[in-house]
Amino acid sequence: MASPPGAPIPAKRTTIRKYENVTLGPSLQSVNWYHGNITRHIAEALLMANGMEGSYLLRDGKENGSYSLSVRSKDSVKHFQITQTNQIYKFGITEFDSLDSLITHFANQPLLGGTSGTLVLLRFPYPRLVEEPDNYEDIVLQSTVRSGATEDDLKYSTRATSLASKEGFLTKQGWVVKNWKTRWFVLSKYDLSYYSDRNKEKPIKTLNLLDCQGCVKCDELGKKNCFQLDFPDRTWYFYANSEEEQTEWMDIIKWKLKQIRKDSM
């Protein structure tokens, strides 16, 4: 029997994710697609690895009384903030008396996908009480199997499905003239490309992480949320708009560098 849409694909190495420290409010006890305090990156990895366009899950937000609705569009995951006050859920300027009414509303009309302008629909809830991988390595394995490749393909990561992707604004330092310019960055597989703005199709330049020697924080340039990528011919400096964005960029780049080193052994 075929798996229902949005259901995860079994992997050889899986663990049951536990929610020992999650306290469910009365209205969330019956919401099987509420995933508690998982990170934005884990939500993206789960939806990209096991979900499909329209798969969604709910997770805790950064502030008390707030949640993030993570929704997979075609090639990425969008995140929307929901706040709760006295059992009223607020999305933008619209209020709903339950999560069900919110989901029903947006299942029949598109959500605007943040700065990218991509329209997405809520179609397939992603349940929490399932066997799912607890780290990116297992998620890559799941996706490789799902894509029809073999487990041996993991030895050649550029052939595996691109899961750990990210896009967003970073400000980079120039090479000759040491000024700072904000660019739109897209990380896909081992390519980190940047564009003059997010609507451009052709990147200004693409950095291949196969040549990257390290990713570390940088506190020497007087910029908050700054980090550097070390290449043989140049050290690249970037800063993010927030500490959270800095952490997300660094975490995902470090994970990719770790995979590159494992593949080269």
Side-chain angles (χ1 to χ4, degrees), residues 39-45 48 62 73-79 112-118 136-137 139-140 143 154-265:
T39 66
R40 172 173 172 163
H41 270 315
I42 292 296
E44 291 176 353
M48 291 303 295
K62 293 186 294 184
S73 58
K74 184 177 181 181
D75 298 314
S76 62
V77 175
K78 309 300 179 184
H79 305 274
L112 183 62
T115 55
S116 67
T118 303
Y136 276 121
E137 183 178 357
I139 291 170
V140 170
S143 178
L154 287 176
K155 298 177 182 178
Y156 310 97
S157 295
T158 54
R159 291 166 55 187
T161 304
S162 177
L163 291 179
S165 60
K166 181 172 173 59
E167 58 185 46
F169 286 108
L170 287 172
T171 301
K172 61 171 286 292
Q173 187 185 62
W175 178 235
V176 179
V177 180
K178 303 298 183 181
N179 58 349
W180 294 86
K181 292 185 178 180
T182 300
R183 301 300 189 202
W184 181 256
F185 282 79
V186 176
L187 177 60
S188 179
K189 293 187 179 179
Y190 294 146
D191 289 335
L192 178 64
S193 303
Y194 63 90
Y195 303 75
S196 57
D197 65 62
R198 63 177 178 266
N199 295 318
K200 296 293 184 180
E201 294 184 1
K202 185 176 180 180
I204 297 174
K205 188 176 181 65
T206 296
L207 307 181
N208 190 333
L209 294 184
L210 292 172
D211 300 321
C212 184
Q213 298 173 330
C215 173
V216 295
K217 287 185 178 181
C218 177
D219 300 321
E220 303 171 356
L221 300 181
K223 299 290 185 181
K224 290 184 177 180
N225 313 314
C226 188
F227 64 97
Q228 67 188 60
L229 297 181
D230 296 320
F231 285 80
D233 59 344
R234 174 179 173 181
T235 297
W236 292 74
Y237 297 98
F238 314 87
Y239 69 82
N241 292 329
S242 67
E243 185 177 356
E244 180 185 22
E245 276 292 295
Q246 177 199 41
T247 299
E248 288 185 359
W249 278 107
M250 291 186 66
D251 282 351
I252 196 170
I253 290 172
K254 286 181 177 180
W255 177 79
K256 285 178 179 286
L257 295 180
K258 180 180 177 182
Q259 302 309 306
I260 291 171
R261 295 187 186 100
K262 288 176 62 176
D263 289 343
S264 64
M265 291 181 179

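Predicted, not measured: the structure shown is a model, and the values here were computed from it. By convention here, the first residue in the shown sequence is residue 1.
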| query | Under the side-chain contact (heavy atoms from CB on, under 4.5 Å) criterion, do His79 and Glu44 qualify, and how do the steps go? | reply | CA-CA 9 Å; His79 305 274; Glu44 291 176 353; 2.9 Å; yes
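- By the side chain to side chain donor-acceptor pair (under 3.5 Å) test, Thr39 pairs with no residue at all, sequence neighbours left out.
- Atom CD1 of residue Ile260 and atom OH of residue Tyr190 lie 5.0 Å apart, to the nearest 0.5 angstrom.
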| request: Verify side-chain contact (heavy atoms from CB on, under 4.5 Å) between Asn179 and Gln173, making sure each step is shown before the conclusion. | output: CA-CA 6 Å; Asn179 58 349; Gln173 187 185 62; over 6 Å; no
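- Rounded to the nearest 0.5 Å, atoms CG (Leu209) and CZ (Phe231) are 5.5 Å apart.
- Residue-environment remark: CD (Gln213) exceeds the threshold of 12 foreign heavy atoms within 6.0 Å.
- At most 12 heavy atoms of other shown residues, nucleotides or ligands fall within 6.0 angstrom of atom NZ in Lys62.
- Annotation: side chain to side chain donor-acceptor pair (under 3.5 Å) contacts of Lys202 (sequence neighbours excluded): none.
- Taking the side chain as every heavy atom from C-beta outward, Thr171 and Arg183 never approach each other to under 4.5 Å.
- Across every non-hydrogen atom of Lys200 and Ser196, the tightest pair is CG-OG, 3.2 Å.
- Between Thr206 and Ser193, the shortest heavy-atom distance links the atoms OG1-OG, 2.7 Å.
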| CA sep, side-chain torsions, deciding dist, call: Leu187, Ile253, side-chain contact (heavy atoms from CB on, under 4.5 Å) | CA-CA 9 Å; Leu187 177 60; Ile253 290 172; 4.1 Å; yes
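- A distance of 6.0 Å or more separates the ring centres of Tyr195 and Trp184.
- Ring geometry, Trp249 versus Phe185: the interplanar angle exceeds 60°, so the pair is classed perpendicular (tilted spans 30 to 60°).
- If you take CH2 on Trp255 and SG on Cys215, they are separated by 14.5 Å, rounding to the nearest 0.5 Å.
- Evaluation of the side chain to side chain donor-acceptor pair (under 3.5 Å) test over residues 226-238, restricted to residues two or more places apart or in two chains, returns Gln228-Asp230, Asp230-Thr235.
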| task | Using the side-chain contact (heavy atoms from CB on, under 4.5 Å) rule, take Leu170 and Phe227 through it: C-alpha gap first, then chi angles, then the decisive distance, then the call. | result | CA-CA 11 Å; Leu170 287 172; Phe227 64 97; 4.0 Å; yes
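- If you take CD on Glu244 and OG1 on Thr247, they are separated by 8.0 Å, rounding to the nearest 0.5 Å.
- Residue Tyr239 comes nearest to Cys226 through the heavy atom pair CB-CA, 3.8 Å, listed as atom of the first residue, atom of the second, then distance.
- Considering every non-hydrogen atom in both Leu257 and Cys212, the closest pair reads CD2-CB, 3.8 Å.
- Here the closest heavy-atom approach between residue Glu245 and residue Ala240 is recorded as CB-CB, 3.7 Å.
- Residues Asn225 and Asn241 have side chains not in contact (no heavy-atom distance under 4.5 Å, counting atoms from C-beta outward).
- At least one side-chain heavy atom of Leu229 sits less than 4.5 Å from a side-chain heavy atom of Leu192.
- Counting all heavy atoms, side chain and backbone alike, Glu167 lies closest to Val186 at CB-CG2, 4.0 Å.
- Between Lys172 atom NZ and Lys181 atom NZ the span is 7.5 Å, to the nearest 0.5 Å.
- For the atom pair Glu201 CD and Asn199 CG, the distance stands at 9.5 Å (nearest 0.5 Å).
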